[in-house]
Amino acid sequence: MTVSASRLLADHRVVFAGVGVPLLASVLAKQQHAPDLTIVLEGGIIGPRMLAGKLPISTNEMRAARHASMLTAITDVFLLAQRGFLDYGFLGAAQIDMHGNINTSFIGSVERPRVRLPGTGGANDIASLCNEVLVVTAHEPRRFVERVDFVTSPGHLDGGDARQKAGLVSRGPSTVVTDLALLDFDPDSRRMRLCALQPGVTVQDVRAQTGFELLAHPEVYQLEPPAISDLEILRELEAGAAVWD
Amino acid sequence: MTVSASRLLADHRVVFAGVGVPLLASVLAKQQHAPDLTIVLEGGIIGPRMLAGKLPISTNEMRAARHASMLTAITDVFLLAQRGFLDYGFLGAAQIDMHGNINTSFIGSVERPRVRLPGTGGANDIASLCNEVLVVTAHEPRRFVERVDFVTSPGHLDGGDARQKAGLVSRGPSTVVTDLALLDFDPDSRRMRLCALQPGVTVQDVRAQTGFELLAHPEVYQLEPPAISDLEILRELEAGAAVWD
Amino acid sequence: MAVSPARRLREELARKPSPPADKLLLAEAAMRLVRDGDHVAVGGTLYSRTPMLLLFELLRQGRAGLTISRPLSCYEAELFLVGGLADGIVTSWVGIGLPWGISRVVRELVEGGRATYEEWSHLALGLRYKAGAMGVPFLPTFTMLGSDLTGLVDTHEMTCPFTGETVLLVPALNPDVALVHVHRADRFGNAQIDGYTHMDADMVAAARTVIVSTEEVVDAERITKCADATVIPHFQVDAVVEAPMGAFPHECYGRYEADFAHFDDYVAAVRRDGLAAVSAYLDRNVHRQPDFAAFLASFGRSRLEGQQARAAELMGR
Amino acid sequence: MAVSPARRLREELARKPSPPADKLLLAEAAMRLVRDGDHVAVGGTLYSRTPMLLLFELLRQGRAGLTISRPLSCYEAELFLVGGLADGIVTSWVGIGLPWGISRVVRELVEGGRATYEEWSHLALGLRYKAGAMGVPFLPTFTMLGSDLTGLVDTHEMTCPFTGETVLLVPALNPDVALVHVHRADRFGNAQIDGYTHMDADMVAAARTVIVSTEEVVDAERITKCADATVIPHFQVDAVVEAPMGAFPHECYGRYEADFAHFDDYVAAVRRDGLAAVSAYLDRNVHRQPDFAAFLASFGRSRLEGQQARAAELMGR
């Protein structure tokens, strides 16, 4: 999943990364095929270089700021996104629906939520303001729902040109990367469709884990498996990251 | 004029000063009766201490920034005024009218100006945003006109509550200090009125130099002449200021 | 809280003198400036540069009916809710971080209707403080449009008269009190922050009352020597509190790392005992400690020095 | 210039890659990025940190139909108008300073209808750049209300939906080109400014094309060592030009004072010869000099060193 995500990042671009998979994917991309990718983190951090084995747990801490070329205010970083400087934004999802809308606020009703999730953080801003949004999430039926309980981060809303009509100025989610597949959105209906399969996964596997009717690209292909060098880099990056060394 | 202006500045307040008389008056006030007056200059400069004999010619230069406690952006300084942190603002005037409106843009018509003046600079912002505005200007009939050709900096507009009705959030000009007199504004009509006379000046002198019908305070008083210490401080401050030493 | 008209905010400021006077206070006296019912904005974000010494003092004194706002809220929000001081939070996110999972405490209180959580996007909250700092009642933005977030909070859509675009207006937030922790300040309140500044400068300029805690109280000369690093001018500050390691167990950029093991213990206790674990934490670390220095001392010197050494190492020192 | 919708501005940015690549160019090549008809925002203000080397190169190359915007405009505006490159200025004030009186050149051209002077208040112009930098089409303000300035430019009044107050909306300004001079930058364009920053950071973030001249080109390590002093990130910059004393005869904070005697000579010549004096100035200092270094050399080394010494003295060095 991390490797698939990293391969979506083109060189010479700016990625707005969160911690976890997004940061790993971004650092991996820099080491593999995109050395001139610039990483921006929400904690006011531009162009940091991560220390293997000391990955940050939040984007608002010293480990995330190492060797940055600019340190500024949180709001200023989001304003860079609003102006259009941030090419890629990464999102996770507690729930994602067939139009790429994401919920990280409430499971159940707003008035009496079954689960009060942590909230948007910068996710709504990333979804609203980054030029292209990449969603990375585990592929499970309880996550892939027909309609999210609450739109925390706007995808293509009700599909078609609904997103543009709502006034949103960026294109929204282009790709969803999961442990099973890579998905994009039909250019007209803006409904999610299967694009490519992770190695060893079948179309049926994906459908079984998706809680709505999934469209499919005319030519579904197989994703390349991670290279040995990918796995080596990731292993080195993560070494010790979970331990408070 | 400088001394009269300086005496209007209370201690423990923040003054937004321009170069020339406003800066001299502010530094004098700090040395005489208001040691804890904070000077703010439009060039992003907060709390500078001037070097006698090396006064700045603009508020955007090193001499103005000496020993400042904060150096920032121009816009940020004006935003301090908009928020309400700047208690006093000083204005000069090419033209000032009976309601304290000031023109530093056009003499004559806008379409075919007889004189294209330098423009507002920060004057409009000071007039709009500082808590209290002090005007300092030479007292001449061509300056003190019934109605300015153009309102660069809003005073009390058409008088009465016109200023508040226009949406302006600060009180506007409270006092006009000239080489002849000290003037304020009638609390109801907001028309300029004579308050006090500079030493040796008569009411008639003032009226003769004013191009509109000047109201008078019920009790016009005499201003105290400058103290010897005032003049000594000013002489020392200005020494060499006009020479590019 | 309702949006205050500019005139009212300005009148409040005009009533306060703003001399470069000695504002150095002990935490106990400084925190008396916070009144019941206040909206208290907390500087830093998540576990970075949280004004922990000030918060602990406030928790020790006790208050009622506070609202706490913060860009990203860490477990200090839980202390205020469970401690009974606050009944609502205004933030974009609450938790500690991925490894510690969703906040069980906030879940229990908010799902049970015992506390409110007013949710804004991270940028929208930043713009609310910024509008407050700029002295305007709102700022326009393209964020939050089309989402369900706008339905729960006070925003307005408008059509831009220049371009015809739809923009969202978010209201200014002018907190009653802002509490921030900085790297250095002089006794007048001129303050400097190293590294990322979070939203502190806007929060301070927006607030009606400002209390700054600082790793070091320095001479005015130290400030004027690098005046371009000053982010808070003295006339925005009401009280300065000396607070070495005053953000611990959260981090302070360049000075000390956050104490993740402390978070582990806290979260493990909450998993085991629920809200009672939060009360126990308050009891042990706030109420039974005479002051913050005693709380720090309870970690032992070598652990504190270790956190400082980790910071130094990351800074390449 | 008309206000650009956010979508269009964003699409323009998205078309440009933004690598941390070597952007070091000679002034001659860098200034080719400026096209006839462009709106050129000039960094610094008045006689402080003006990108004089870049401006002189543009004057040498020649252009037509430019509009020049600047917070406060000094005599460089006169060079562009009389030199025939620009036919309009957007600013809040034009002149050099009190001792040099009103600009005779601007008076003659504007009063005669041969050049336009679009006047905004200092803050309003700053907010226009800031709106452009923030990626929104306008910002609200309480300045300029009630004055006659609003009648001459494109602004809108509105009633705040939160407080009922009247606010003025000023439109974003996204210049085609921003030219700024900084203290240090690496070859990728990460740039730092010492002292006051004028409106440069907003101007740069707002602009479509950015050329930075710098007193020193430094290693990336020098930038990362004090990353909190960086005000311009590399992905906002299209070209970096090495320019020691590149703001002279204007000042550069901490490096050299403005050459007031040079202003005296210029103003005396204009008083004597009118617009012809400006052409003669251009001829002598721009067209007959092979480059900016030769212009600097024409002052003589001791005069340049004297200006540096004065700056050092003011900085207490």
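Letters A, B, ... are given to chains in the order of the sequence lines, protein chains preceding strands, and every chain is numbered from 1. Atom set for the values below is all heavy atoms of this structure, side chains included, hydrogens, waters and symmetry mates excluded.
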(message) Does anything in residues 153-163 of chain C reach chain A? List residues with heavy atoms under 4.5 Å apart, or say none.
(response) none
(request) Name all residues meeting the salt bridge (charged side-chain N to carboxylate O under 4.0 Å, His left out) criterion together with A/Arg66; count only those two or more places apart in sequence or in a different chain, and write none if there are none. (result) none
(request) Just jot down the side-chain contact (heavy atoms from CB on, under 4.5 Å) partners of A/Ile126, sequence neighbours excluded, or say none. (result) A/Phe16, A/Leu91, A/Cys130
(message) Need one label for A/Val148: side chain, backbone, both or neither, based on atoms under 4.5 Å from any heavy atom in chain C.
(response) neither
(request) Answer yes if the side chains of C/Thr141 and A/Gln82 hold a donor-acceptor pair under 3.5 Å, and no otherwise. (result) yes
(request) Under 4.5 Å, counting heavy-atom pairs only, tell me which of A/Leu71, A/Thr72, A/Asp125, A/Thr75 racks up the most with chain C. (result) A/Asp125
(message) Can you confirm whether the side chains of A/Asn60 and C/Thr45 place a donor and an acceptor under 3.5 Å from each other?
(response) no
(message) Between C/Thr143 and A/Asn124, is there a side-chain donor-acceptor contact under 3.5 Å, judged purely by atom types and distance?
(response) yes
(message) Need one label for C/Leu46: side chain, backbone, both or neither, based on atoms under 4.5 Å from any heavy atom in chain A.
(response) side chain
(message) At a 4.5 Å cut-off on heavy atoms, which part of A/Asn101 comes close to chain C: side chain, backbone, both, or neither?
(response) neither
(message) Could you check whether A/Arg63 pairs with C/Glu251 (Lys NZ or Arg NE/NH1/NH2 to Asp/Glu carboxylate O, under 4.0 Å)?
(response) no
(request) Tell me, for A/Glu42 versus chain C, whether the close heavy atoms (under 4.5 Å) come from the side chain, the backbone, both or neither. (result) side chain
(request) Using the test salt bridge (charged side-chain N to carboxylate O under 4.0 Å, His left out), find all partners of A/Arg190 that sit at least two apart in sequence or belong to another chain. (result) none
